[in-house]
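First comes the structure, then the notes that go with it.
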There are 2 protein chains.
Amino acid sequence: MGESTLIYCKLNKIKQNKEFIMYAISMAMLLLLLRFLEYKFLILQNEFGLYIGIIALFFTFLGIWASNKLTSPKVKTIVIEKEIVVEKRLDFVVNEEELNNRKISKRELEVLELMAQGLSNQEIASRLFVSLNTIKTHSSNLFQKLEVKRRTQAIETAKKIGIIE
Amino acid sequence: MGESTLIYCKLNKIKQNKEFIMYAISMAMLLLLLRFLEYKFLILQNEFGLYIGIIALFFTFLGIWASNKLTSPKVKTIVIEKEIVVEKRLDFVVNEEELNNRKISKRELEVLELMAQGLSNQEIASRLFVSLNTIKTHSSNLFQKLEVKRRTQAIETAKKIGIIE
DNA sequence: AATGCAGTCATACTTTTGAGTGATTTATTG
DNA sequence: CAATAAATCACTCAAAAGTATGACTGCATT
């Protein structure tokens with residue numbers, strides 16, 4: 001009786017109850033088959049039936065234990081690829097080299113940025129608290145430095161060479 | 001001797017040699033222990049030794065089989081996060097919805113694109129083999145549909161709502 | 001002290017852009 | 001067939017953009 005509780009505990013520990021119940025039933029049937037064979041071929045005496053059963057049980061669980069403990073576990077690996085879209089515009093940095101090469105001043109860059117936002121010269125002038133003529137001068141100088149003729153081209157070029165976002 | 005080669009073949013088939021060699025050794029020792037017990041307690045006769053061994057082997061492999069076949073495999077889910085840097089310009093698709101909602105025609109869109117490239121109205125007219133006045137009409141209509149006042153604003157808005165690159 | 005540069009502003013002038021209006025032609029669609 | 005939308009063009013007028021030139025200031029470098 002002490003043995004059966006120990007077996008029960010082991011079964012609990014393994015935690016695959018359903019399969020082991022099925023297995024226990026098949027095992028019990030095999031034992032019955034053996035008992036039947038005892039009488040058929042007169043190989044065993046009655047008093048040794050229990051002993052054979054214990055041997056069978058012991059080696060069965062030894063096999064289970066060996067398989068569970070010494071065998072590397074079956075692992076089914078499912079690889080899920082999760083796509084993460086990275087926005088490119090987040091890490092915008094001003095191309096300092098172009099600014100230096102073309103000698104574009106801070107003020108000119110300011111004007112260029114407001115231009116790209118679609119402001120008129122008058123609006124830029126008001127925003128920066130200077131006269132309309134000053135903005136015209138700045139933009140004229142800008143066009144020369146960017147080698148363009150119009151503000152739309154200036155915006156296009158400036159974005160391409162990376163001096164505005 | 002036929003038995004041991006059979007066992008060896010089965011062990012080979014299972015392909016977990018090292019653990020099963022250890023197991024085989026421990027099993028052999030247990031059989032020796034049982035043989036020792038045979039003489040100690042006089043439970044078994046010599047002629048049944050082979051029978052006991054077969055029973056032990058059979059139930060051992062039954063246990064191994066049961067453990068391997070009836071055990072559900074452990075599912076290991078590996079989530080691989082795959083970073084995809086999206087070039088904003090590469091996968092550009094025209095926002096058809098905005099075009100339809102604002103009722104911007106094909107020709108107007110053409111003019112808008114050339115505008116964004118920095119062309120003047122006269123240059124656009126020459127490019128499309130139409131008169132300057134036609135381009136003016138197109139751009140005027142565009143500005144109304146985009147709810148802007150200037151071409152620079154038109155470009156800005158058009159890019160934002162995704163109707164041009 | 002002299003030089004150079006960025007930033008400012010002005011004046012005069014030309015070109016481009018844009019608003020407003022109206023008209024014609026050509027498909028397409030109900 | 002009539003209605004509609006798209007595309008075309010013209011004309012006028014006003015506003016904005018852009019060119020060219022010169023000048024003044026403050027600041028830093030030489």
Side-chain angles (χ1 to χ4, degrees), chain A residues 94-161 163-164, chain B residues 94-161 163-164:
Chain A
V94 182
N95 188 341
E96 299 284 352
E97 210 185 317
E98 284 284 359
L99 283 182
N100 292 333
N101 286 345
R102 292 170 191 269
K103 289 172 186 168
I104 293 166
S105 70
K106 281 165 285 178
R107 203 57 159 172
E108 284 164 352
L109 186 62
E110 263 185 289
V111 172
L112 183 57
E113 280 163 353
L114 295 175
M115 231 177 227
Q117 285 169 29
L119 302 203
S120 68
N121 285 341
Q122 185 55 68
E123 285 168 339
I124 295 168
S126 303
R127 186 77 70 88
L128 299 181
F129 304 107
V130 293
S131 81
L132 172 63
N133 287 317
T134 303
I135 300 304
K136 283 190 174 186
T137 305
H138 284 320
S139 58
S140 255
N141 292 334
L142 258 173
F143 298 158
Q144 281 181 15
K145 290 172 183 179
L146 291 172
E147 295 165 281
V148 296
K149 287 191 186 302
R150 282 173 288 279
R151 48 175 55 226
T152 46
Q153 282 185 339
I155 294 162
E156 171 84 355
T157 303
K159 286 188 178 181
K160 198 160 64 187
I161 66 175
I163 61 174
I164 59 169
Chain B
V94 182
N95 190 341
E96 298 284 352
E97 209 185 319
E98 284 284 358
L99 283 181
N100 292 334
N101 286 346
R102 293 172 190 267
K103 289 171 185 168
I104 293 166
S105 71
K106 279 165 287 177
R107 204 57 162 170
E108 284 165 351
L109 186 61
E110 263 185 289
V111 171
L112 183 57
E113 280 162 353
L114 295 175
M115 228 178 229
Q117 286 168 30
L119 302 203
S120 68
N121 284 342
Q122 185 53 68
E123 285 168 340
I124 295 168
S126 302
R127 185 79 70 92
L128 299 180
F129 304 105
V130 293
S131 81
L132 173 62
N133 286 319
T134 304
I135 299 306
K136 282 188 176 187
T137 306
H138 283 319
S139 60
S140 253
N141 292 334
L142 260 172
F143 297 158
Q144 281 181 14
K145 290 172 182 179
L146 291 172
E147 295 165 282
V148 296
K149 288 193 188 298
R150 281 174 286 280
R151 48 175 52 222
T152 48
Q153 282 184 340
I155 295 163
E156 171 87 353
T157 303
K159 287 187 178 182
K160 197 160 67 188
I161 66 176
I163 61 175
I164 59 168

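Just so you know, these numbers come straight off a predicted model, no measurement behind them. Basis for what follows: all heavy atoms, side chains included, without hydrogens, waters or symmetry-related copies. Proteins come first, then strands; the chains are lettered A, B, ... in the order of their sequence lines, and each starts at number 1.
- Here the C1' atom of nucleotide D:dA17 and the CD1 atom of A:Ile155 are 13 Å apart, to the nearest Å.
- Among all heavy-atom pairs drawn from A:Leu109 and A:Ile163, the shortest one is CD1-O, 3.6 Å.
- As a whole-Å value, the separation of B:Lys149 NZ from D:dA15 P is 13 Å.
- To the nearest angstrom, P of D:dA17 lies 9 Å from CD of A:Gln122.
- Taking all atoms of both residues into account, the shortest heavy-atom contact from B:Leu142 to B:Leu112 is CD1-CB, 3.8 Å.
- In this structure, the CG atom of A:Leu142 is 11 Å from the P atom of D:dT19, given to the nearest Å.
- Protein atom CE of A:Met115 is 8 Å distant from nucleotide atom P of D:dA17, rounded to whole Å.
- A:Lys103 and A:Lys145 make their closest contact through O-NZ, 2.8 Å (heavy atoms, listed as atom of the first residue, atom of the second, distance).
- The terminal axes of the helix from C:dA1-D:dT30 to C:dG30-D:dC1, fitted over 5 pairs per end, subtend an angle of 40° to the nearest 10°.
- No donor-acceptor pair closer than 3.5 Å links the side chain of A:Thr157 to the backbone N or O of A:Ala154.
- The heavy-atom pair separating A:Leu119 from B:Arg150 by the smallest distance is C-NE, 4.0 Å.
- Here the closest heavy-atom approach between residue B:Ser139 and residue B:Lys136 is recorded as OG-O, 2.9 Å.
- By the 6.0 Å contact criterion, CD on A:Glu110 is enclosed, its count of non-hydrogen atoms from other residues, nucleotides or ligands being greater than 12.
- Contact of the A:Leu114 side chain with the A:Leu128 side chain is registered, since non-hydrogen atoms from C-beta on lie closer than 4.5 Å.
- Here the closest heavy-atom approach between residue B:Ile155 and residue B:Met115 is recorded as CD1-O, 3.6 Å.
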Taking it one step at a time, do A:Lys149 and B:Glu123 satisfy salt bridge (Lys or Arg N to Asp or Glu O under 4.0 Å)? CA-CA 12 Å; A:Lys149 287 191 186 302; B:Glu123 285 168 340; over 6 Å; no

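- To the nearest angstrom, C1' of D:dA17 lies 16 Å from CG of A:Leu112.
- Contact footprint of chain A on DNA chain C: nucleotides with an atom under 4.0 Å from a non-hydrogen protein atom, first to last in 5' to 3' order, C:dA6 to C:dT17.
- Dashed line: the shortest gap from a side-chain N or O of A:Asn121 to OP1 or OP2 of D:dA16 is not under 4.0 Å.
- With rounding to the nearest 0.5 Å, the separation of CD1 in B:Ile161 from CG in B:Leu146 is 5.5 Å.
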Nucleotide by nucleotide, 5' to 3', does protein get under 4.0 Å of the base (B), only the sugar-phosphate (S), or neither (-) in nucleotides 5-10 of chain D, counting heavy atoms? -SSBBB

